[in-house]
Amino acid sequence: MNRIAWRLPSAIENAWRNSRKVPRAIPSHTEAAMLATFQYAANSSAAAPTHHDDGAKPGPSDSAPVAVHTTGGLVEMDERGTVVRARGASDPAIRDRYIYPDSVLALAPIDRAISTTTDMDEKNTKSTAEWIQLWRLSDLTLLKSIALTPGPRGDEHRFTGEPFLLPDGQSVYIHTFNCGLYLVRNIESGTPTTRFVKGFAGTGCGVPLLIGHYWIQTVPETFSVVSLDISDPEHPRDVSSVSIGKDEYPHWLAADPTNTRLVLNSGGSTGNRLFIVNFDQETGALAIDRRFRDVNDTMPGLKMSARRWPNGWTGTVWPHGSVFSR
């Protein structure tokens, strides 16, 4: 199995359906303050970035420990969450010490993995996270740290996000939270190449999707979701765009098993709705499902603010990540 699974600890999965169920969690890794996106490797174990090392230091006698997080790394775990091996992401070959592994892509056929480095702590202004890191998957040896180059705007390379293996089975797209899109090639060699191929408006571009030869990206600056034809990875082409309204902040996308319906959240925005977007795999066209809405509401999407939930509680939730149940 070889797929991105979910993000810890902030993923929220269909709370209105499972409000009475207690979610199960994998055992905690004592060396990690946070696990980010993880992926199953070829041997059914999971490769996961540890975002921060647990750098908590004792505080005053009457206070909680003071968290001073440092660079994390990669961890390989079996299916029960038992740690097989762990390696740090600190790289003495570069001066930047603000490396916080965020997402990882395992490439078992060539014994490689690629991870990104954005700190989820927005208060850490020293971390600009323009780095991606190349690892040997079999023993989690860090091989190289590579800084992405700026795009035309000058800052598109910052805050590396999600890596995806492209349909050719050799190249990788990496998006950045500063709305850049980068192509990585020659991964199996000692000298991978990176190239800026697309920029989106503004910053804060969230979790994308790759379905077939279409790249689907959230773009908060334009309150929209866009799709690109990436048949030519060096020259992605705009295909379709949908707007969800100026009081929304599109962030996270996930597809259903048919890859024709996408769940989209805008947690933390004024609108704070959960949407379903229909996707045409043949043409790349996107369309908001206007039937997916609250009873007696003329606007599409489910309102997550001041809502009465099945367990009787009334209040607001801000979904960060959403997935379809299987």
Side-chain angles (χ1 to χ4, degrees), residues 3-7 36-39 49 51 100-107 113-120 122 127-134 146-168 171-185 187 192-222 224-230 232-241 249-255 262 264-266 277 279 284 286 320-321:
R3 60 184 174 86
I4 293 291
W6 47 300
R7 192 181 293 266
T37 314
F38 71 85
Q39 189 180 68
H51 200 56
Y100 305 104
D102 178 61
S103 186
V104 63
L105 172 67
L107 303 168
I114 292 182
S115 63
T116 57
T117 58
T118 293
D119 191 354
M120 297 288 282
E122 296 181 353
S127 174
T128 53
E130 63 267 35
W131 299 94
I132 60 174
Q133 293 187 301
L134 184 67
I146 303 167
L148 299 181
T149 56
R153 196 179 65 203
D155 64 354
E156 297 96 331
H157 62 308
R158 293 181 174 178
F159 309 115
T160 54
E162 302 295 329
F164 283 85
L165 182 64
L166 298 187
D168 65 9
S171 307
V172 168
Y173 262 177
I174 290 180
H175 110 293
T176 72
F177 293 106
N178 258 20
C179 298
L181 187 59
Y182 287 79
L183 174 64
V184 186
R185 282 182 163 160
I187 297 166
T193 62
T194 64
R195 175 176 177 173
F196 173 84
V197 295
K198 177 72 174 179
F200 303 94
T203 59
C205 288
V207 177
L209 277 178
L210 175 62
I211 300 178
H213 60 92
Y214 290 106
W215 183 267
I216 307 171
Q217 180 68 60
T218 56
V219 186
E221 180 77 10
T222 56
S224 65
V225 179
V226 302
S227 65
L228 309 176
D229 184 337
I230 62 164
D232 178 357
E234 294 187 2
H235 304 94
R237 178 174 59 85
D238 291 337
V239 171
S240 182
S241 175
Y249 188 92
H251 175 65
W252 185 292
L253 285 167
L262 315 178
L264 167 69
N265 66 263
S266 65
V277 179
F279 175 66
L286 300 165
H320 178 70

Tightest non-hydrogen contact, residues Glu162 and Pro208, listed as CG-CD, 3.8 Å
Correct closest heavy-atom pair for Ser241 and Ser224 would be OG-CB, 3.9 Å
CZ (Arg237) and OG (Ser227) are apart, to the nearest 0.5 Å, by 9.5 Å
Practice task
Apply side-chain contact (heavy atoms from CB on, under 4.5 Å) to the pair Thr218 and Leu264, showing each step before the final yes or no.
Solution key: CA-CA 9 Å; Thr218 56; Leu264 167 69; 3.8 Å; yes
In this structure, CZ of Phe200 is separated from CG of Asp238 (nearest 0.5 Å) by 7.5 Å
Would you say Thr118 and Thr116 make side-chain contact, with heavy atoms under 4.5 Å?
no
One should read off an interatomic distance between Ile216 CD1 and Phe279 CZ, to the nearest 0.5 angstrom, of 4.0 Å
In terms of heavy-atom contacts, Leu210 and Gly212 come closest through CD1-O, 3.7 Å
**Item:** Close side-chain approach of Ser240 and Tyr214, heavy atoms under 4.5 Å
**Value:** no
Q. Given Leu166 and Val172, is the side-chain contact (heavy atoms from CB on, under 4.5 Å) satisfied, shown in steps?
A. CA-CA 5 Å; Leu166 298 187; Val172 168; 5.7 Å; no
Requested in this report: Dump the intermediate steps for side-chain contact (heavy atoms from CB on, under 4.5 Å) on Leu262 and Leu286, then the final yes or no.
Outcome: CA-CA 9 Å; Leu262 315 178; Leu286 300 165; 4.2 Å; yes
Given side chains that start at C-beta, do those of Thr193 and Val184 come closer than 4.5 Å, heavy atoms only?
no
When Val197, Leu165, Leu105 are each screened for side chain to side chain contact (heavy atoms under 4.5 Å, CB included) with Tyr173, the one that passes is Val197
Between the CG atom in Asn265 and the NE2 atom in His251, the distance rounded to the nearest 0.5 Å is 6.5 Å
Check whether any side-chain heavy atom of Pro163 lies under 4.5 Å from a side-chain heavy atom of Ile132, and answer yes or no. no
Check your understanding: Is the backbone N or O of Asp155 less than 3.5 Å from a side-chain atom of Asn178, with the two atoms forming a donor-acceptor pair by type?
Key -> yes
Output for pair (Thr194 OG1, Ile174 CD1), nearest 0.5 Å, gives 8.5 Å
*pair Val207-Leu253: side-chain heavy atoms closer than 4.5 Å*: no
message: Can you tell me how the ring of Phe196 sits relative to the ring of Tyr182, calling it parallel under 30°, perpendicular over 60° and tilted otherwise?
response: perpendicular
* Asked: Is the shortest heavy-atom distance from the side chain of Leu148 to the side chain of Arg158 under 4.5 Å?
  -> no
Residues Glu156 and Pro150: closest non-hydrogen pair is OE1-C, 4.2 Å
Report task. Ignoring hydrogens and angles, state whether a donor on the side chain of Trp131 or Gln133 is under 3.5 Å from an acceptor on the partner side chain. Result -> no
Smallest heavy-atom separation, His157 atom then Thr149 atom, equals CB-O, 3.4 Å
task: Would you please say whether a donor-acceptor pair under 3.5 Å links the side chains of His213 and Asp229?
output: yes
Would you call Thr203 and Arg153 a side-chain contact if the rule is heavy atoms closer than 4.5 Å? yes
Exercise. So, for Phe177 and His175, is the gap between ring centers shorter than 6.0 Å?
Worked result: yes
Here the gap from Trp252 atom CH2 to Leu209 atom CG, rounded to the nearest 0.5 Å, amounts to 10.0 Å
When every non-hydrogen atom of Glu221 is compared with those of Ala201, the smallest separation belongs to CB-O, 3.4 Å
Open item on the list: Contact between Leu183 and Glu234 at the side-chain level, heavy atoms closer than 4.5 Å - yes or no?
Closed with: yes
